[in-house]
Amino acid sequence: MVAASVPSGYELTEEQRLLRDTVRALADERIAPRAAEIDRTGEFPWDVKALLAEHDLLGLGIPAEYGGVGVDLLSVCLAIEQVSRVCATSGLIIAVQELAAAPIVLAGSDEQRRRWLPDLAAGRQLVAFALTEPEAGSDAAAVRTRAVRDGDEYVIEGTKRFITHGSIADLIVVFAVTDPEAERHRRLSAFVVERERPGFRVARLEHKMGIRGSPTAELVFDGVRIPAANRLGPEGDGFAIAMRTFERSRPGIAAQAVGIAQGALEVAAAYARTRRQFGRPIGEFQMVAALLADMDAATEAARQLLYRACTVIERGGPDAARWAAIAKLVAGDAAMRVTTDAVQVLGGYGYVDEYPVERMMRDAKITQLYEGTQQIQRLVVARALLGRE
Amino acid sequence: MRIVVLTKPVPDPASGQDRLGPDHRVDRAAAPAVLNGNDEYALEAALRLVESHGGEITLLAMAPATAPETLRKGLAMGAHRAVLVTDPALAGSDIRSTVGVLAAALAGLEFDLVLAGIDTSDGFAGVVPAALATLLGLPLLSNAAAIEPDPAAGRVRVRRIIQGGYDVLEAPLPALVSCTQALGAPRYPSLKGIMAARSKEVAVRSLADLGPTRWPVGGAAAATAVVAVDPPPARGATRTIRASAVEAAREIADFLAARRLLP
Amino acid sequence: MSGRVVVVGEVVDGRPTRLSTEVATLGRRLGEALGRPVVGVLVGAGAGEAGASLAAYLPEVLTVELPDLADLAPAPRVAAETAALVEPEDGPILVGASPDGRDVAGALSVLLDRPVLANAVAVEAGPEGPTAVKTIFGGKLVVRSRFVGPPGIVTVRPSSVDAAPADAPGRVVARTATAVALGPPVRRLERILETAGEVPLEEAAVVVVGGRGVGGAEGFALLEELAALLGGTVGATRAAVDAGWIGYARQIGQTGKVVKPRLYLGLGVSGAIQHKVGMQTAETIVAVNRDPDAPLAEYADLYVVGDLFEVGRALVAELRRRRDAGTT
C-alpha cells in the first residue's frame with residue numbers, strides 16, 4: 001500500500017512489483033538450486049538461458065514492435081537484481097543481452113532492427129559486446145581493431161579481449177577503427193558480426209575468480225568480411241554509440257551488484273539468527289549486529305540510488321551518464337563490502353563452499369572492474385561535477 | 001469454453017507475518033497478499049483447457065478493495081478479466097455468508113465450468129466448493145487431478161483423487177470442479193503477460209450490485225465466533241548432532257529406542 | 001439445547017473409515033460432556049454392514065442403504081439423506097474432514113442452513129456451547145471458536161483422537177432413503193486403485209519423508225528401506241513431487257496431506273512453512289540435512305547435520321544390526 005505522503009515517483013508501479021515478484025519466484029525456485037553447480041563446473045548454464053528466454057527475460061528492453069517486452073530501464077534492472085541475488089552468472093545473462101543489443105536498438109536502422117532484434121528478444125540468439133582489447137581497456141578510444149571499407153563490405157582485422165559471452169554469442173557487436181586519422185572520439189564505428197563469418201574465431205577462454213559460469217573470451221577477427229549493411233549508424237559514430245550504451249548498461253551491472261549484495265546479506269542474516277555461540281544466537285552480539293546493519297544500509301542505499309538513476313536515465317537528459325556512473329560506482333563497492341562482511345559473519349563457514357557467501361564474494365569483485373572500472377566511473381562523475389570535457 | 005476461476009487473495013503463508021487482528025479475524029493487512037496457492041493450480045488448469053478448447057477465463061474474488069493488485073498476477077498468467085466483489089459490509093463474513101455472496105456473483109456470469117482450489121491456505125476449510133455447488137444446483141466434481149471437458153457433448157470428465165488411487169467421474173456441463181495440485185504446476189506470468197494485464201478489466205461489484213444474497217453478511221452476522229487464541233504448546237529444545245555418519249546413526253537409533261519408536 | 005450430537009460417518013467397502021471411528025469417539029465423548037445423546041449416520045452402499053462396525057463406538061447408528069451410490073459421487077446424496085435425518089434441535093454435526101467429508105459438510109451447510117467450523121483437532125464442551133479447537137498460520141496459534149446461535153457443522157481432522165470403542169456396542173437402526181438430491185448426478189465411470197493395501201499417509205504411525213536433498217527418484221529407495229525397517233510409510237515434500245521424483249499422493253504439506261505420526265523422519269527436508277503445516281504435530285521429529293540452518297532445525301527434536309545418504313545408509317545398517325541382534 002502506498003503511504004499517503006510519499007510522492008508516487010518513489011514507489012514501484014504495480015507492474016514493476018509484479019515483475020519483480022515473478023522474477024524473484026523464478027530465481028528462487030528454478031535458478032538458485034543450480035547456482036553452486038554452475039560455479040563449480042564453470043559451465044555456461046544453457047538450461048537457465050532457456051528458462052530466461054521462455055519467460056521473456058532476454059528481450060526485456062527491446063521494443064515490443066521487434067518482439068521484445070519493451071519495459072523501462074528500471075524494470076530491466078529489477079529483473080537483473082532478482083536473478084543476481086541467487087546467481088550472478090545467471091543475472092549476467094540478462095544484463096549482457098541488454099547491453100549488447102542496445103547499440104542495435106539505439107543506432108540501428110529500422111531494417112537492421114527488424115533483421116536482428118526479434119531473434120534476440122526471443123532468446124533464440126545471444127549477442128555479445130566487443131569493445132575491449134588487450135591494449136584498450138579503460139582507454140576505450142585506444143581501440144586498434146580495424147574495419148577497412150572494400151566496396152560493399154568491410155574487412156575487420158584485430159583482437160578483442162575479455163568479451164562476455166564471446167564464445168557463445170550468435171552476434172557480436174564489434175567496435176573498430178574506420179578512420180585512424182580522425183579526432184579521437186570519431187575514429188570508431190560499430191558493426192554487427194555474425195559468428196559464422198569466415199575468419200572469426202575464439203582464441204581463448206579465461207579462468208576467472210568469479211562469475212565462473214559466464215564464458216569470457218578472446219576473439220580474433222582475421223580478415224572477417226561483413227556487408228556494409230552490418231554497420232550500425234554512420235561511420236565515426238562508434239564511440240558515441242558505446243557511451244550511450246553505457247548509460248543503460250551500467251545500471252544493469254549496478255543491479256547485478258545490488259542483487260549479489262542482497263543475496264549475501266540474506267544468507268548472513270539467516271545465519272546470525274540461528275547460529276548459537278556462548279549460549280545465544282550470534283546476531284544478538286553487537287559486533288555482529290553492527291556489521292549486518294551496515295551491510296543492510298549499504299545495500300539499500302545502492303538500491304535506492306539505482307532505482308532513481310534508472311528513472312532519470314529513462315527520462316533522458318544531459319546528466320544520464322553521471323547518474324549511471326554514480327549508481328555503478330556505489331553499487332559495485334557495496335557488493336564487495338557486503339559480501340566480504342558476509343563471509344566475516346559466517347566465520348570459518350563463510351570460507352568454505354558449504355555456504356554460498358564465498359562464491360558471492362568472488363562474484364562481487366567483477367562489478368568493480370567491468371563495464372568501466374570504479375576509477376573510470378569516478379572520472380565520469382568528476383567531469384560532470386567540474387564541467388570539464 | 002467459458003471458465004470462471006474462484007480466487008482468494010490470502011496473506012502470504014511464506015511471509016511468516018500472518019496474524020490475527022484485535023477482533024480475532026485474520027489481519028489482511030499484516031502480510032502481503034498473494035493468490036491462494038490451490039487457486040493458482042485451478043487457474044493453470046483453466047489456462048490449459050482454454051489453450052486446447054478455446055474460450056475465456058474470468059477470475060472471481062470476494063476480497064478487500066486492495067485485491068486488484070493480487071488479481072493482476074492471475075491476469076498476467078492469462079486470465080481474460082476479473083470480477084471483484086468488494087464492500088466494507090463484507091468484512092468478517094463467515095464461510096456460509098461468503099458462499100452466499102459468491103453464488104450471487106456467479107448468478108450474473110455465464111459459464112461452462114467453475115474451477116476452485118480445494119481449500120485455502122488461510123482457512124483450510126475446504127467446504128466452499130461443495131456448499132457453492134449445492135446452492136447453485138451444479139454438479140460437483142471434487143479433488144480433481146485431471147479435467148477433460150467435452151463441450152460439444154455438454155459434459156466433463158474428471159479424475160478424482162481418492163485414497164489409494166482415483167475415480168473417473170462424469171457430469172453434464174455446467175459443472176463445478178475443485179482442483180488439486182496434481183493438475184500441474186502453475187506457470188510464472190510471462191513478462192509480456194504482465195504488460196498485457198494492465199489493460200485487462202477488473203470489474204468491481206459492491207453488495208448493492210449483486211442483489212440479494214442467501215444469508216446476511218459481515219462480521220455482525222457471522223454465526224461463528226472466536227472464543228480464545230493461544231500459543232501452541234512448546235515443543236522442547238532441539239538436540240543437534242554433528243558427527244560421523246556411523247556415530248550419527250547410532251545416536252539416532254538410541255534416541256528412537258529411548259522413545260520406544262523402534263519396532 | 002436438547003438435541004443430539006450427530007456424527008456423520010463415511011462408508012468404504014462396507015466398513016466405516018478409520019476417520020469415522022475417530023470422529024465417533026470424539027462425538028461420543030462430547031455428548032457425554034454435554035449431557036446429550038449421540039447418534040451416528042451412515043449413508044451409502046454397504047451402510048448396513050458398516051453400521052454394525054461403527055456401533056462399537058456409538059450408542060446408536062442410523063443407516064441408509066443406497067446400493068446405487070456405488071456408481072455415483074456420493075457426497076450430494078449422503079448430504080441429502082443426512083439432512084433428512086437431522087432434527088432442528090440436533091447439533092453439533094460432526095463430519096470427518098476427508099475429501100468426501102468436506103463435500104458432505106459443505107452441502108449440509110446449505111441444506112440445513114447451518115454454519116461451519118472447519119478443521120478441528122478437538123471439540124470441547126465449552127461454557128458457551130460446543131467449541132472447536134484448531135491451529136492456524138502453520139501452527140503459530142491455537143484458536144477456539146464456538147457457534148453464535150444454534151450449533152452447526154464441525155469438520156474434524158484425521159488423527160485428532162485415537163479411536164476407542166465404547167464399553168458396550170450401540171444399536172443399529174436401518175432407515176429408508178427419502179431424499180432427492182439437488183442438481184444433476186455425478187456418475188462414477190470407473191475406480192482405479194494403484195496403491196491399495198498401503199497404509200495411507202494420514203494414518204501412518206511413522207513417516208519417512210524426502211525433500212529436495214534426495215536429488216532424484218532413485219534416492220527414494222533409501223527412504224523405502226528406512227520406512228520398512230521402522231514400520232512406516234514414505235512421504236515427500238512439494239519440491240520432490242514437483243521435480244517428478246515421486247507421486248503427488250505422497251506429498252505432505254500445505255497443498256498435500258497433513259500427517260500426525262508418532263515419528264517423522266525427514267531426510268534432505270528444509271522444513272519451510274509450506275511443509276511444516278503438514279507435519280508439525282508429529283510427536284517426534286528427527287531430521288538429517290546438510291544445511292545446519294534449515295527451518296526444520298528450529299522445531300525438530302533431533303537434528304543431524306550431515307549427508308542424508310551417508311547417515312541414511314549408516315542408519316539402515318544400524319537398524320538391521322539391532323533387529324538381528326534382537327535388541328530394541
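Here the structure is a predicted model, which is why all the values come from computation and not from measurement. In what follows, chains carry the letters A, B, and so on, assigned in the order in which the sequence lines appear, proteins first and then strands, with residues in each chain numbered from 1. Computation of the quantities below employed the complete heavy-atom set of this structure, encompassing side-chain atoms and omitting hydrogens, waters and symmetry-equivalent molecules.
- To the nearest 0.5 Å, atom CE of residue B/M195 and atom CG of residue A/L60 are 8.5 Å apart.
- By the 6.0 Å contact criterion, CD on A/Q344 is open, its count of non-hydrogen atoms from other residues, nucleotides or ligands being 12 or less.
- How far CZ of B/R198 is from CD of A/E14: 10.5 Å, rounded to the nearest 0.5 Å.
- Interface with chain B: from residues 259-272 of chain A, no residue qualifies, criterion being any non-hydrogen pair under 4.5 Å.
- Just one of A/E29, A/H55, A/R30 meets the side-chain hydrogen bond (donor to acceptor under 3.5 Å, both in side chains) condition when paired with B/Y188; it is A/E29.
- Between the CZ atom of A/R17 and the CZ atom of B/R72 there is a distance of 11.0 Å, given to the nearest 0.5 Å.
- With contacts defined as side-chain heavy-atom distances shorter than 4.5 Å, the pair B/L191/A/L57 qualifies.
- In this structure, A/Y351 places its OH atom where only 12 or fewer heavy-atom neighbours from other residues, nucleotides or ligands lie under 6.0 Å away.
- Rounding to the nearest 0.5 Å gives a distance of 11.0 Å between CD1 of B/I194 and CD of A/Q16.
- In this structure, CG in A/D21 is found 8.0 Å from CD in B/E69, a value given to the nearest 0.5 Å.
- Of the possible donor and acceptor atoms, one in the side chain of A/D56 sits under 3.5 Å from a partner among the backbone N and O of B/K192.
- Contact detail for A/L18 and B/A76: the closest heavy-atom pair is CD2-CB, 3.9 Å.
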